[in-house]
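To keep things clear, I will list the structure first and then write my remarks on it.
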Amino acid sequence: MSRVYFFLVFFSLFLISLDRVFPLTGIRSVSQVVLAPVSYGLYQGAARANDSWHFVSTLPHIYSENQSLREQISSLTETAVTIETLQSENNVLKEQLDVKDSVTEQKVLASVIGFSDENQSVVMMLNKGAADGVKDGLVVIVGKSLVGKVTRVTDHVSYVLPPYAVDSRVPAKIIHQNSDVGKGIVRGQFNSRMILTDVLQDINIEKGDIIATSGEGGVYPANLSIGKVSEVSSAENEIFKNAVIEPLWDLKNLKSAFIVLNY
Amino acid sequence: MKIYIIATMAFILAIAQVAWAGFMNIWGMTFPLIIVYMWLIRKQLTFNQFTVLSFFCGIIIDLLSSSVLGISTFSILVAIAVINLLEKRTIYHELFTSLISLSASCLVFVGLVYYLTSQLSSL
């Protein structure tokens, strides 16, 4: 072992201490101007390779998947007709009551540039930061699905903690056959798992039910889908029952997401 | 010339370590691609060159990731010390020692990053 080695080891320990006392966000922001575009290029390349591999590996199952998707389309078409009727009825009622849409979301589109480990979970990195108006605590969505919450921001990069991160808590509601049947709390578990807890025993929850944000607590907007129930566990002598939640999207397949600046 | 190519590849892989973390996630841990590369090039450089290159790779990982600055740098330096010690001080068959040093350095790096991140973020 050389002197250079020991000097660099002590220097790295000094950096750890220094960053704990005075967070070196300035150095991070400056370096990320150069590093973030390279990371973005590498991520996009890997995502394309992953998509191609996924396409090739799913080829043998495409026929059966196609058949089941056709069935789903016909059932969804029926639902769409019902929703359209309800929507037009809702519009007429809104006009009559003079109700305006009070919610106006301001969003910023950000590209995924990589991932980082934090608190036993993968943290997603987006290429928009404080310079674009992003702040800690903002919600990140894709369509009407919740992707996570911004936990840390530098000038050009924001770090997003997904709902399945350990210690993550999201107030949620259970949607069973298109109607809201009850509430619970989605808790992140180790290894990208989510559990819905605090669900009352008399609530009818089944495999395939959709779990969405309830909007309680004001941290997350309401009606953002979180996942689908994949397993329900309940014991008669317990007050609450739990359910395992499967995310609706795969973090690895995300290329971009919206950061909601206000809602 | 060779050293510049090795260093450039190392810096790109250090960025890839963060950019590809989502694709290399095994049971909640990220596969240490940079350590595998360091292990592959261990005989191409002198120990001092190897140390300095590892230090800069660690700094790149730290600057891009959200963890405390210095954690990956320190962990990578400890991991290369493991490679160096096992390969220089053991008397076993060369292939066996090489494989042991690769596995041990990967485990040390992942373990240290995981331990230091969880300890320092809870402070």
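First the proteins, then the strands, lettered A, B, ... as listed; each starts at 1.
- If you measure heavy-atom distances from B:F23 to chain A, the contacts under 4.5 Å come from both the backbone and the side chain.
- Counted within 6.0 Å of CZ on A:R169, heavy atoms from surrounding residues, nucleotides or ligands total more than 12; the atom is thus considered enclosed.
- Put simply, of B:D62, B:I71, B:L77, B:T73, the one with the most heavy-atom pairs under 4.5 Å next to chain A is B:L77.
- Proximity to chain A at a heavy-atom threshold of 4.5 Å picks out B:T51, B:V52, B:F55, B:I59, B:I60 from residues 51-61 of chain B, in numerical order.
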List the atom pairs, with distances to 0.1 Å, where a side-chain N or O of residues 129-140 of chain A and a protein N or O form a donor-acceptor pair under 3.5 Å, not counting sequence neighbours.
unit_1	atom_1	unit_2	atom_2	d
A:D132	OD2	A:G129	N	3.1

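- Interface residues of residues 2-11 of chain A toward chain B, defined by a heavy-atom distance below 4.5 Å and sorted by number: A:S2, A:V4, A:Y5, A:L8, A:V9, A:F11.
- With a 4.5 angstrom heavy-atom cutoff, A:S39 touches chain B via backbone and side-chain atoms both.
- Each of A:L196, A:V170, A:D198 was scored for a side-chain contact (heavy atoms from CB on, under 4.5 Å) with A:R187, with one residue passing: A:D198.
- The side-chain contact (heavy atoms from CB on, under 4.5 Å) with A:H156 is formed by just one residue from the set A:L126, A:L35, A:V33, A:V30; it is A:V33.
- Looking at A:K228, its side chain never comes within 3.5 Å of a backbone N or O of A:I211 through a donor-acceptor pair.
- Judged purely by atom type and a 3.5 angstrom limit, A:E216 has no side-chain atom pairing as donor or acceptor with the backbone of A:P171.
- Formation of a donor-acceptor pair under 3.5 Å by the B:S105 side chain with backbone atoms of B:I83 is not found in this model.
- Sorted by first and then second residue, the side chain to side chain donor-acceptor pair (under 3.5 Å) pairs with a member in residues 29-38 of chain B read A:D117-B:T30; sequence neighbours excluded.
- Within 6.0 Å of NZ on A:K255 lie more than 12 heavy atoms contributed by other residues, nucleotides or ligands.
- Residue contact with chain A, scored on non-hydrogen atoms closer than 4.5 Å, involves the side chain of B:I80 exclusively.
- Between A:D19 and A:R28, at least one side-chain N (NZ, or NE/NH1/NH2) sits under 4.0 Å from a carboxylate O, which counts as a salt bridge.
- Atom CD1 of residue B:I34 and atom OG of residue B:S75 lie 13.0 Å apart, to the nearest 0.5 angstrom.
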